[in-house]
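What follows is a short report on a single structure.
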Number of protein chains: 2
Amino acid sequence: MPPEKKRMSISVKTRVRDAEATKLRILEAAKKEFSKNGLEGARVDAIALDAKANKRMLYHYFKSKDGLFRTVLEREYLNIRTEETKLDLENLPPRAALETLVRFTWEYYIKNPEFITLVNSENLCQAVHIKNSPTLRTVSQKFIRRIQALLDREVRENVFREDIDAAQLNITIASINYYYFTNRFTGAVIFERDFTSPEALQERITFNIETICRLVCKN
Amino acid sequence: MPPEKKRMSISVKTRVRDAEATKLRILEAAKKEFSKNGLEGARVDAIALDAKANKRMLYHYFKSKDGLFRTVLEREYLNIRTEETKLDLENLPPRAALETLVRFTWEYYIKNPEFITLVNSENLCQAVHIKNSPTLRTVSQKFIRRIQALLDREVRENVFREDIDAAQLNITIASINYYYFTNRFTGAVIFERDFTSPEALQERITFNIETICRLVCKN
DNA sequence: TGTGTAAGTAACTACATGGTGCATTACGCG
DNA sequence: CGCGTAATGCACCATGTAGTTACTTACACA
């Protein structure tokens, strides 16, 4: 082969073959496609095309469409929990800690709209992909224990009600934020309002913080 | 043809051809299939088979897969609003009216699990099917006005807070119930509990009523 | 009792789908 | 330098898919 051809291809991309980079491009493309069209609606050809990878690679790295979906989903769960860990809840006063948690959830959904539709897809197929994920289990346990600790601390300080279960609280915080976004399209029709205008968003997050504070705090 | 054959077929089914019955069978089968597998995952062949109808009839009555989905969805929305209308909220004391409304939503989701997944599918495709439905618009407006009237009455009687928006309240009531069911599969993995055991259900509905009462009522 | 119309059927098509077999090529390592 | 292995690409397959064509059959009504 002519040496100048090789030099050229090297100068354009420093590494023609980069397994990690390819994997990542596939995962990003898959995240987009799965979240946009659901698990069944997603097309592996579309993912490969968008990832600028050959479809063969997709099967090489992830075995199957479901294997790819599983990986995407696990990464997403890992990501939200990692971000959550960064919140400095322990050193905030009780109401502020609570508000921070609610606001974090809200903003995470805004910044990562894919998360919601991916989770919806996973629930449609009854969580088959994550059912036996040890990673997810570990990370979830840590997360719940943290919220429980927060609750316990504030109960001791006589700010929060005593009978609140951390799981129920978490479900409630997630629900009032999650539902608003996942159902914003049918919601727009039913309530005849734009769910995503800055004013609507502002109104809703304020309402949600109020909901949670009233639920948890002693009055 | 031999006359006894005709008599027999009449004695088995009084009407061999019944357009309305066929339509209904198709709609019921479609509701099952769409809610189980989503819009993209649903198979028209499976619907036709389950409905004991020929696939051609499906296209004859509903034009397309999407047309069928649209009809299913509209019927479901109509159904929940009709059931809701039967609640005698106007003649109940304030807290009882609120509790009745929350409990109705909860129980409706339990009795009609298909509703939730159908709505999820519709939101995945950005509500294209119901976007311009006049029926849905009418029925939704009526529903919101009713809740607003309830709020207004109780504000006058000084039981509820004054600044509650009916739409925000409705969204919140729906969310804390809806989310619990739609995410029960991933929830079971994350929270390591059975979301559908009688005890879990009891605990959650109690928690939800408490959440809404604390949100709306003056303390 | 005959007939037009609507209900119903089976076989089919054109195409898109997830997934593979196999050849090729780049790169790291000795 | 060269060689084995992992990365990549191409062409292909079997099957499943929504939707249709062309036909038959039951029933309401005259």
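Every chain is numbered from 1 and lettered A, B, ... according to where its sequence line falls, protein lines coming before strand lines.
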In this structure, how many angstroms lie between the P atom of D:dT8 and the CZ atom of A:Arg25, rounded? 8 Å
Nearest listed nucleotide, side chain of A:Asn54, among D:dC10, D:dA7, D:dA18: D:dC10
Interatomic distance where CG belongs to B:Leu49 and C1' belongs to C:dG8 [whole Å]: 16 Å
Closest approach to the side chain of A:Arg43, judged atom by atom: which nucleotide of D:dA7, C:dT17, C:dA7 is it? C:dT17
Kindly compute the distance separating OG1 (B:Thr105) from CD1 (B:Ile173), expressed to the nearest 0.5 Å. 6.0 Å
Measuring from the side chain of A:His60 (C-beta onward, heavy atoms only), which nucleotide among D:dA7, D:dA18, C:dG8 has the closest atom? D:dA7
A:Asp45 CG - D:dC13 C1' separation (whole Å): 14 Å
Give the minimum heavy-atom separation between A:Val72 and A:Leu118, together with the two atoms involved. CG1-CD1, 4.0 Å
With DNA chain C as reference, determine whether B:Lys55 or B:Lys52 sits nearer its 5' end, using the nearest nucleotide of each. B:Lys52
OP1 or OP2 of C:dG8 under 4.0 Å from side-chain N/O of B:Tyr61: yes
Tell me: CE of A:Met57 to C1' of C:dT20, nearest whole Å? 14 Å
Thinking salt bridges, do A:Arg81 and A:Glu84 make one under a 4.0 Å N-O criterion? yes
What is the distance, rounded to the nearest whole Å, between atom OH of A:Tyr59 and atom C1' of C:dT17? 9 Å
Between B:Asn208 and B:Arg204, is any side-chain donor less than 3.5 angstrom from a side-chain acceptor? yes
If you fit an axis to the five pairs at each end of the helix from C:dT1-D:dA30 to C:dG30-D:dC1, how big is the angle between those two axes, to 10 degrees? 10°
A:Glu20 CD to D:dT8 P, in whole Å, measures 11 Å
Check: A:Phe115 ring centroid to A:Tyr77 ring centroid under 6.0 Å: yes
Please classify the nucleic acid contact of A:Ala46 as base, sugar-phosphate, or nothing, using heavy-atom distances under 4.0 Å. nothing
Over all strands shown, is B:Ala42 touching base, sugar-phosphate only, or nothing at heavy-atom distances under 4.0 angstrom? sugar-phosphate
Which whole-number value in Å describes the distance from B:Phe62 CZ to D:dA18 P? 16 Å
side-chain N/O B:Arg56 vs D:dT20 OP1/OP2, d < 4.0 Å: no
Are OP1 or OP2 of C:dG8 and a side-chain N or O of B:Thr22 less than 4.0 angstrom apart? yes
Does the pair A:Glu83 and A:Lys86 meet the rule for a salt bridge (Lys or Arg N to Asp or Glu O under 4.0 Å), with working shown? CA-CA 5 Å; A:Glu83 291 297 311; A:Lys86 295 179 190 163; 3.1 Å; yes
Between CZ of B:Phe69 and C1' of D:dA18 the distance, given in whole Å, is 16 Å
If you take the centroid of each ring, where Trp contributes its six-membered ring, are A:Phe34 and A:Phe69 closer together than 6.0 Å? yes
